[in-house]
Amino acid sequence: MSVSSSLKTDSDLHDLQFFADGRMRHLLSLRSFSAQQLTDILDRADNFIDAAGNATGRSNKLAGVTVANLFFEASTRTRISFELAARRVGAEVVNLDLQTSSRNKGETVMDTVHTLQAMDVGIFVVRDSETGTQTTIARNVNAGVSVLNAGESIVSHPTQGLLDLLTIRRHKGTFDQLTVAIVGDVAHSRVARSAAEGLSTLGVRELRLVSPPSLVPQHEFVPSAKIMTDVDQGIAGADVVMALRIQKERFENEDGIPDETAYFREYGITSDRLKNAAPGAIVMHPGPLNRGVEISSTVADGPSSVITDQVANGVAIRMAILEAVVS
Ligand code: CP
């Protein structure tokens, strides 16, 4: 599987994502975002969150705009939260699933997009297992139409990255004193890539990518990240521990998929392992969870877990992004 984007440089990416005056047009990757641009999105999202931590805010900024969710890969959290977010900022929403779409009859993604554009869809939210689908769409849509990346192969999941940043900021305040350990199947993780890009830009003190040797990323990651294979060393002193699912669907060879029992014993996030984290450490997971594989139920449901906060913050982040592309 290739991870090379069709956008070779951060400058190309920036020019596609942002208008010349700095307003956002598309959201494809966090790679070209500045710290200020990330902070602006987090601040906008924070405004939708109430004192209890729920995304209860509402706006009417997308009145008259139609959002189409094109999910060519499975999703629970991202799809539902984009739909709720779009409704909560006043948009109309339509959903297209792979199982029911004419892509099954041979229609190209661009023909699907052109068809929906003719129905006045203004924002496309796209998840696909192939690298570059969202970029191709962004390059070919009409002026005034936006594309939001809802998960792209192993390359990018920018709204997940943003909700992870928001969750960390809401629990820890600032980034520059934090050690963050991302633990698990780093090699196949678009979540880890987007989180790492955002954390690096916001100046986290230390970013550790912790995985078994067979799941160390083979392709480009943020250069400042520390690659580690010893999970206990990786968690030691960490303020934030982010567990990742083993993404069986992305292995090129099934023989490479770790045995789940052995994986949990050697790399699972357990209460015992967490004792070595920093006092007050938080535990994150993007979902879906595989309990007893990458994380124990005691940790997932325990006092350090902020997993449900991540889900709530995801709605607020998607509201903020939807507003940003129509501002
Ligand atoms: N975190 C995440 O992307 O979850 P879904 O696959 O359920 O959308």
Side-chain angles (χ1 to χ4, degrees), residues 24 27 30 33 35-63 67 76-91 93 125 148 150 157-180 191 194-195 198-199 201-205 238-243 274 277-289 295 297-327:
M24 191 189 304
L27 176 63
L30 299 186
F33 274 66
Q36 189 57 55
Q37 287 167 326
L38 291 174
T39 301
D40 288 346
I41 294 293
L42 303 188
D43 291 347
R44 194 192 277 264
D46 247 339
N47 289 330
F48 290 121
I49 301 177
D50 65 20
N54 299 313
T56 52
R58 297 286 185 277
S59 91
N60 214 23
K61 204 146 192 158
L62 271 78
V67 176
T76 296
R77 279 145 287 271
T78 312
R79 208 202 77 161
I80 299 292
S81 89
F82 258 117
E83 180 164 355
L84 290 174
R87 293 189 194 287
R88 289 177 187 179
V89 292
V93 187
V125 177
L148 307 180
H157 194 351
T159 57
Q160 178 71 44
L162 288 165
L163 76 85
D164 289 338
L165 295 177
L166 181 61
T167 304
I168 293 170
R169 193 177 79 165
R170 287 179 61 82
H171 281 275
K172 295 292 178 189
T174 54
F175 293 90
D176 58 346
Q177 296 303 311
L178 296 181
T179 295
V180 179
V191 172
S194 287
L199 288 165
T201 301
L202 290 175
V204 75
R205 183 178 60 191
D239 303 286
V240 177
V241 178
M242 184 187 296
L274 269 188
I282 58 171
V283 176
M284 305 173 70
H285 192 302
L289 298 179
I295 192 167
S297 281
T298 311
V299 172
D301 303 327
S304 303
S305 172
V306 297
I307 295 169
T308 53
D309 293 354
Q310 289 174 267
V311 176
N313 293 339
V315 177
I317 280 292
R318 289 165 182 130
M319 292 168 78
I321 290 293
L322 287 163
E323 279 201 350
V325 295
V326 300
S327 294

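Summarising the geometry of Ser327 relative to Arg44, their closest heavy-atom pair is OG-NH2, 3.4 Å, with the distance given to 0.1 Å. Across Ala312 and Gly53, no two heavy atoms sit closer than the pair CB-O, 3.7 Å. Summarising the geometry of Ala45 relative to Ala320, their closest heavy-atom pair is N-CB, 3.7 Å, with the distance given to 0.1 Å. Closest heavy-atom contact between Ala35 and Thr201: N-CG2, 3.4 Å. Nearest heavy atoms, Ser194 versus Pro158: OG-N, 3.6 Å. Between Ala86 and Val93, the shortest heavy-atom contact is CB-CG2, 3.5 Å.
In this structure the side chain of Gln310 reaches within 4.5 angstrom of the side chain of Gln160, judged on heavy atoms. When side chains are defined from C-beta on, Leu202 counts as touching Thr39, because their heavy atoms get closer than 4.5 Å. Within the 4.5 Å cutoff, side-chain heavy atoms of Arg205 are placed close to those of Asp239. Looking at Phe33 and Leu27, their side chains come closer than 4.5 Å, going by heavy atoms from C-beta outward.
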Checklist entry - Step by step, would you call Leu199 with Leu178 a side chain to side chain contact (heavy atoms under 4.5 Å, CB included)? => result CA-CA 10 Å; Leu199 288 165; Leu178 296 181; over 6 Å; no
Item to check | side chain to side chain contact (heavy atoms under 4.5 Å, CB included) assessment of Val241 paired with Val299 | outcome: CA-CA 11 Å; Val241 178; Val299 172; over 6 Å; no
Item to check | Stepwise side chain to side chain contact (heavy atoms under 4.5 Å, CB included) test for Leu84 and Arg318 | outcome: CA-CA 9 Å; Leu84 290 174; Arg318 289 165 182 130; over 6 Å; no
Next on the checklist: Test side chain to side chain contact (heavy atoms under 4.5 Å, CB included) on Thr159 and Leu148; report intermediate values, then the result.
Outcome noted: CA-CA 9 Å; Thr159 57; Leu148 307 180; 5.8 Å; no
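Of the inter-residue distances, the one linking Met242 atom CE with Ile295 atom CD1 reads 11.5 Å to the nearest 0.5 angstrom. Between the CG atom of Leu163 and the CG atom of Leu42 there is a distance of 10.0 Å, given to the nearest 0.5 Å. Taken from CD1 in Ile317 to CG in Leu165, the straight-line distance is 7.5 Å, to the nearest 0.5 Å. In this structure, CG on Leu289 lies 8.0 Å from OG on Ser305, to the nearest 0.5 angstrom. The distance from atom CZ of Arg58 to atom CZ of Arg88, rounded to the nearest 0.5 Å, is 4.5 Å. For the atom pair CG (Leu162) and OG1 (Thr167), the distance works out to 10.5 Å, reported to the nearest 0.5 Å.
Of the candidates Leu322, Ile321, Val67, Leu322 is the only one forming a side chain to side chain contact (heavy atoms under 4.5 Å, CB included) with Val89.
Legend: residues meeting ring pair (Phe, Tyr, Trp, His ring centres under 6.0 Å) with Phe82, ordered by chain and number and at least two apart, are absent. With sequence neighbours excluded, the residues that form a side-chain hydrogen bond (donor to acceptor under 3.5 Å, both in side chains) with Asp301 are Arg291. By the side-chain hydrogen bond (donor to acceptor under 3.5 Å, both in side chains) test, Thr56 pairs with Asp50, sequence neighbours left out. The salt bridge (charged side-chain N to carboxylate O under 4.0 Å, His left out) test applied to Asp43 returns Arg169, not counting sequence neighbours. Residues passing the salt bridge (charged side-chain N to carboxylate O under 4.0 Å, His left out) test with Arg87, sequence neighbours excluded: Glu83. Every residue two or more places apart in sequence or in another chain that forms a side chain to side chain contact (heavy atoms under 4.5 Å, CB included) with Pro288 is listed here: Arg77, Arg245.
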